[in-house]
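What follows is a set of notes on a single structure, which appears directly below.
Count residues from 1 along the sequence.
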Amino acid sequence: MSIKQEWAHFKTIWGQGSDLILLRLRMLRLDANEQLAVIIKIFAAVVVMAVLSLIGLMAMLLGLNVVLPDIWKIRVFFSVAALTLLICFGLMLWIPIIWKHSSGQISETLGALQNDIRALRGEKPLNISKD
């Protein structure tokens, strides 16, 4: 190859590589924004869990205070307590699931960016496996 051809080849690879890296960085920004949205959802879930836990505790205490004189009041308070505790348990199970999903997307994007840089250097790309 002549110097002119090598220079043209370098410019082509540089242009494609920079476009590819910019695209990957945009994807990373989108993934980071999604991660922030997940953090906000988790925070909202924690607040809801706290409020529902307090409601459940108050309902439980009121139910115990009333005990047997009026059977319907007890059933309602205990039902509210059981329902709020079940919702809190469901939210506690939901938080790790969405966190793992969101952080997995960022890891994939970073791995793809690393493979792109390795490919531009002429190195063998790494195998990225999904767990």
Side-chain angles (χ1 to χ4, degrees):
M1 272 187 170
S2 70
I3 293 178
K4 187 175 184 179
Q5 289 175 333
E6 286 183 18
W7 179 252
H9 179 69
F10 173 76
K11 283 178 28 180
T12 302
I13 287 184
W14 180 261
Q16 291 174 350
S18 62
D19 289 342
L20 183 60
I21 288 175
L22 286 174
L23 178 64
R24 291 288 186 188
L25 289 174
R26 286 184 188 132
M27 289 174 58
L28 182 62
R29 187 188 72 202
L30 291 174
D31 288 345
N33 287 340
E34 184 176 326
Q35 182 83 10
L36 179 63
V38 166
I39 289 171
I40 291 170
K41 286 179 187 176
I42 288 172
F43 180 73
V46 168
V47 169
V48 168
M49 284 183 347
V51 169
L52 290 177
S53 295
L54 289 174
I55 290 171
L57 181 62
M58 287 181 354
M60 184 71 74
L61 291 174
L62 289 172
L64 289 174
N65 189 28
V66 174
V67 185
L68 284 176
D70 193 3
I71 194 73
W72 287 106
K73 287 183 182 180
I74 294 173
R75 288 182 183 168
V76 168
F77 283 122
F78 282 123
S79 298
V80 168
L83 180 66
T84 56
L85 292 176
L86 284 174
I87 291 172
C88 286
F89 182 71
L91 288 173
M92 285 189 323
L93 294 176
W94 178 64
I95 287 172
I97 293 170
I98 62 171
W99 182 259
K100 182 182 264 188
H101 175 71
S102 179
S103 63
Q105 288 178 335
I106 288 180
S107 296
E108 287 178 23
T109 302
L110 288 173
L113 180 61
Q114 184 180 20
N115 276 343
D116 292 341
I117 291 171
R118 289 179 66 87
L120 288 173
R121 290 181 182 164
E123 300 171 3
K124 183 179 177 186
L126 300 172
N127 289 336
I128 300 175
S129 62
K130 291 183 181 180
D131 293 331

Item checked: With sequence neighbours excluded, residues passing ring pair (Phe, Tyr, Trp, His ring centres under 6.0 Å) with Trp94 ->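 Ring pair (Phe, Tyr, Trp, His ring centres under 6.0 Å) check on Trp94 returns nothing, list empty.
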
Can you give the donor-acceptor pairs under 3.5 Å from side chains of residues 35-46 to other protein atoms, not counting sequence neighbours?
unit_1	atom_1	unit_2	atom_2	d
Gln35	OE1	Ser102	OG	2.4
Gln35	OE1	Ser103	N	3.4

Determine all donor-acceptor pairs shorter than 3.5 Å in which one atom belongs to a side chain in residues 81-90; sequence neighbours excluded.
unit_1	atom_1	unit_2	atom_2	d
Thr84	OG1	Val80	O	3.0
Thr84	OG1	Ala81	O	3.0

Check: Is there a chain of hydrophobic side chains (I, L, V, M, F, W, Y, each step under 4.5 Å between heavy atoms) that links Leu54 to Leu91?
Finding: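 No, it is not one cluster - the side chains of Leu54 and Leu91 are not joined through contacts under 4.5 Å.
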
Next item on the list: Give the cluster check for Leu93 versus Met49: same hydrophobic cluster or not, with ILVMFWY residues linked at side-chain heavy-atom distances below 4.5 Å.
Entry: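 Yes; tracing contacts between hydrophobic side chains, which count when under 4.5 Å, links both residues.
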
